[in-house]
Amino acid sequence: HQENRIQIIENDKFMICNIYAPNDIKERSEFFIDISNILKVLKTDKLLILIGDFNCTLEPSEQTNKNTFYENQKDKISLRKLLNDFDLID
């Protein structure tokens, strides 16, 4: 399923990874772990740009229904780890 959710293009300066994360929290958490593993295998010195639809908010201010924001959901933890592992900025 993941192969339809990831597109990677690159040139001599950049690697751009466009993603479409699943809606389900558990699947999304696993998806972010998969993305991290793929990027580790691709290992590049190029500037990495990760874009797309993450279907995940990291801050309550980004979410329309603030009452349903849970800081420790597995998807948020996996996404934060992905961002940290590759020094990415949200």
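For clarity, every value in this text was computed on a predicted model and none was experimentally measured.
In terms of heavy atoms, Cys56 sits closest to Leu79 at SG-CD2, 4.0 Å. Of all heavy-atom pairs between Ala21 and Asn55, the closest is O-ND2, 2.6 Å. Contact between Ser36 and Asp85 at its shortest, heavy atoms only, is OG-OD2, 3.8 Å. Here the shortest heavy-atom pairing between Lys46 and Asn11 reads NZ-O, 2.8 Å. Contact detail for Leu48 and Leu88: the closest heavy-atom pair is O-CD2, 3.7 Å.
No chain of hydrophobic side-chain contacts below 4.5 Å, direct or via other Ile, Leu, Val, Met, Phe, Trp or Tyr residues, connects Ile49 to Leu42. Ile35 and Ile16 fall into different hydrophobic clusters, where Ile, Leu, Val, Met, Phe, Trp and Tyr side chains are chained together by heavy-atom contacts under 4.5 Å. Residues Ile8 and Phe86 fall within the same hydrophobic cluster, defined by Ile, Leu, Val, Met, Phe, Trp and Tyr side chains chained together at heavy-atom separations under 4.5 Å. Hydrophobic cluster membership differs between Ile19 and Ile25, with clusters built from Ile, Leu, Val, Met, Phe, Trp and Tyr side chains linked at under 4.5 angstrom. If you chain together hydrophobic residues whose side chains sit under 4.5 Å apart, Leu47 and Ile51 fall into the same group.
Atom OG1 of Thr44 is separated from atom CG of Leu39 by 10.0 Å, given to the nearest 0.5 angstrom.
Between the Arg5 side chain and the Tyr20 main chain, a donor and an acceptor come within less than 3.5 Å of each other. Judged by distance alone, the side chain of Arg28 and the main-chain N or O of Pro22 form a donor-acceptor pair under 3.5 Å. A donor-acceptor pair under 3.5 Å is formed between the side chain of Ser78 and the backbone N or O of Lys74.
Applying the 6.0 Å contact sphere to NZ of Lys40 captures more than 12 heavy atoms from other residues, nucleotides or ligands.
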